[in-house]
Number of protein chains: 2
Amino acid sequence: MSILERIHLSIIREVDRQGSLTAAANRLNLTQSALSHSIAKLEKQIGIAVWHREGRSLRPTQAGEWLLAVANRLLPQLTHAEERLQQFAKGERGNLRIGMECHPCYQWLLKIVAPYLDTWPLVDVDVRQKVQFGGIGALFGYDIDMLVTPDPLFKSGLRFEPVFDYEQVLVVGPDHKLRDADHVEARHLAGETLITYPVPTDRLDIYTRFLMPAGINPKRHKEIETTDIMLLMVSHGRGVAALPRWMVEEFGAKFGVKPVRLGPNGVDKQIFLGFREADADIDYLRAFVHMALAHREASSQ
Amino acid sequence: MSILERIHLSIIREVDRQGSLTAAANRLNLTQSALSHSIAKLEKQIGIAVWHREGRSLRPTQAGEWLLAVANRLLPQLTHAEERLQQFAKGERGNLRIGMECHPCYQWLLKIVAPYLDTWPLVDVDVRQKVQFGGIGALFGYDIDMLVTPDPLFKSGLRFEPVFDYEQVLVVGPDHKLRDADHVEARHLAGETLITYPVPTDRLDIYTRFLMPAGINPKRHKEIETTDIMLLMVSHGRGVAALPRWMVEEFGAKFGVKPVRLGPNGVDKQIFLGFREADADIDYLRAFVHMALAHREASSQ
DNA sequence: TGGTTTGATGAAATTAAATCATGTTTGGAA
DNA sequence: TTCCAAACATGATTTAATTTCATCAAACCA
């Protein structure tokens, strides 16, 4: 009945990666002949070619492209399932694969992960900064088990817990004219250089919740990857940035930068921890959420 | 290297469904002995039991439960991939599997699907009313290819197009005292029986956008599955309901019911068509979106 | 307590997969 | 151009894996 086997997907993926049957065969510890036979049989059974044979190279057909997509989606899941089983067998607890959709949360995450690793010595934590189909997709696609994000999705098989509240503030250098201001208005930034993480502006709160409502754009927009460099730039008067208040307070002294409230009421943010409802009863996963919630309690006092 | 094969997943799923190895073997057109050998080998390779042997019955171990979840997730995808390939081979275009997260949209959907089936004779349309992990999860899980929903999720591997705007109105019977009112206030419903589709109140706009903001609850809340019966109930004075205005106008005459605006400004709704970004270039899928958009253009005049 | 059902097991048979040896085509180097 | 190396295809053979068959032991049921 079933014709599409794991080996077929492996071959298709490997041929795509290596570029040739022969190279793929080596990586799979099989002969070129074996792959050739295997694929020929598959093509015969489904009744359509997987590759165009052009000279001595293979180019995927439409069906081949489709199969490649299937392979890239399913093979990692099979691999992960096997790893998980091995871990069951060895009495290990497994990996907690955490996806991050929130740049400055990294510092916060470290504070949760550190004690977690002590309490759960058999669980390994694995943090992925960039996830292929976005955090939600990665959760549904079983690429990650937990997601740190400012954008929760209630309903539909996932669960989100608020674990972290903070105020987003403007960071200015030690000689900046707004240094001692009670708060800043959007128009004050019209002549400034704004430094942000390299993400689309519609995912930056300083745009969506502060600048855009006022119809203001900064003079210049500069993207910086790392927080340290960003703070260094700000402290040397190269621009202003928006970061969590706790972060500015923690690193502010070191860099001599100051936080200023965004607008009269400030910009409040909430970070959520998301996971699959189906995983809700995995103890080491629950424990992580609990530790995050406990940390929230502790720091809200 | 790889030990977990499709057959293992099939066996695990079938044993769970049938309750015994023997029955599962029959369904898989194999002998009981074959399955026994097959899973014995698997258990030996991963080094852990998949089932507790209790007397002559099999109960999944923790690992078994996990494997079962994997099987139920991956096997349908493999099956679908095969079907899709067969369709490629036969020159068919495939199935368009549409998930619905919007009860009254069914009538609207019919208006799109009817001409679509004519334009795309080789594409079959398959509508699924209830999807396991919610619409978004079903899209990510490849259980459906398109989703009709009032709750889009921008970003993260999916795309949503607004295809349908309408006003949600209150439907009252021919003898109802509000029958000729310009609009209704929330407090007017305090003494009424409200008839809705059987979904949680936090997904019913009349609650979230009309009653709850005013802190009002109807006297009674009754859930009805089908629109026809709902309208029949309303027309016979058994209560009031909330439906799209176009629907009331279309069926109003038949049932003698009347639309009344919800609040002074009305409750406007938008319905979206969602699909995977990876599928954005499948012609028959694009075509569906285009037809929906065209229908929107036509009816907005 | 027999009869029947269920899963396990070892050996044999069968089927499937991989290799070996070889052929054909092609792209590049001499 | 020519020749060689690289790449995939193919048929026969070998090897490995899977399936069946025959049989057993345990357990549920009447």
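A note on names: the letters A, B, ... follow the listed sequences, proteins ahead of strands, and every chain is numbered from 1. Owing to the predicted nature of the structure, the values given are computational and were not obtained by experimental measurement.
Between B/Arg53 atom CZ and C/dT5 atom C1' there is a gap of 17 Å when expressed in whole angstrom units.
Scanning for ring-ring contact (aromatic ring centres under 6.0 Å, His included) contacts around A/Phe275 gives an empty result, with sequence neighbours left out. Evaluation of the side-chain contact (heavy atoms from CB on, under 4.5 Å) rule for B/Glu277 yields B/Arg159 as partners, not counting sequence neighbours. Checked against ring-ring contact (aromatic ring centres under 6.0 Å, His included), A/Tyr197 has the following partners two or more places apart in sequence or in another chain: A/His103. The ring-ring contact (aromatic ring centres under 6.0 Å, His included) check on B/His221 picks up B/Tyr207, with sequence neighbours excluded. The side-chain contact (heavy atoms from CB on, under 4.5 Å) check on A/Ser57 picks up A/Glu54, with sequence neighbours excluded.
Relative ring orientation between A/Phe140 and B/Phe140 is described as parallel, the plane-to-plane angle staying below 30° on a 0-90° scale split at 30° and 60°.
A heavy atom closer than 4.0 Å to some atom of DNA chain D occurs in A/Ser20, A/Leu21, these being the qualifying members of residues 3-21 of chain A. A heavy-atom distance below 4.0 Å to DNA chain D is reached by these residues of residues 25-38 of chain B, ordered by number: B/Leu30, B/Thr31, B/Ser33, B/Ala34, B/His37.
Ionic pairing of B/Arg53 and B/Glu43 is present here: one or more N-O contacts between side-chain nitrogen and carboxylate oxygen are shorter than 4.0 angstrom.
Boundaries of the chain A contact region on DNA chain D are D/dA5 to D/dA12, first to last in 5' to 3' order (nucleotide atom under 4.0 Å from a heavy atom).
Taking the C1' atoms of five terminal pairs at each end of the helix from C/dT1-D/dA30 to C/dA30-D/dT1, the two resulting helix axes are inclined by 20°, rounded to 10°.
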Please set out all donor-acceptor pairs under 3.5 angstrom arising from side-chain atoms of residues 9-16 of chain B, sequence neighbours excluded.
from, atom 1, to, atom 2, distance (Å)
B/Ser10, OG, B/Arg6, O, 3.1
B/Glu14, OE2, B/Gln18, NE2, 3.0
B/Glu14, OE2, B/Arg27, NH1, 3.4

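Judged as a side-chain hydrogen bond (donor to acceptor under 3.5 Å, both in side chains), not a single pair has a partner in residues 113-125 of chain B (not counting sequence neighbours). Legend: salt bridge (charged side-chain N to carboxylate O under 4.0 Å, His left out) pairs involving residues 279-289 of chain B, not counting sequence neighbours, sorted by first then second residue: B/Arg93-B/Asp283, B/Arg276-B/Asp279.
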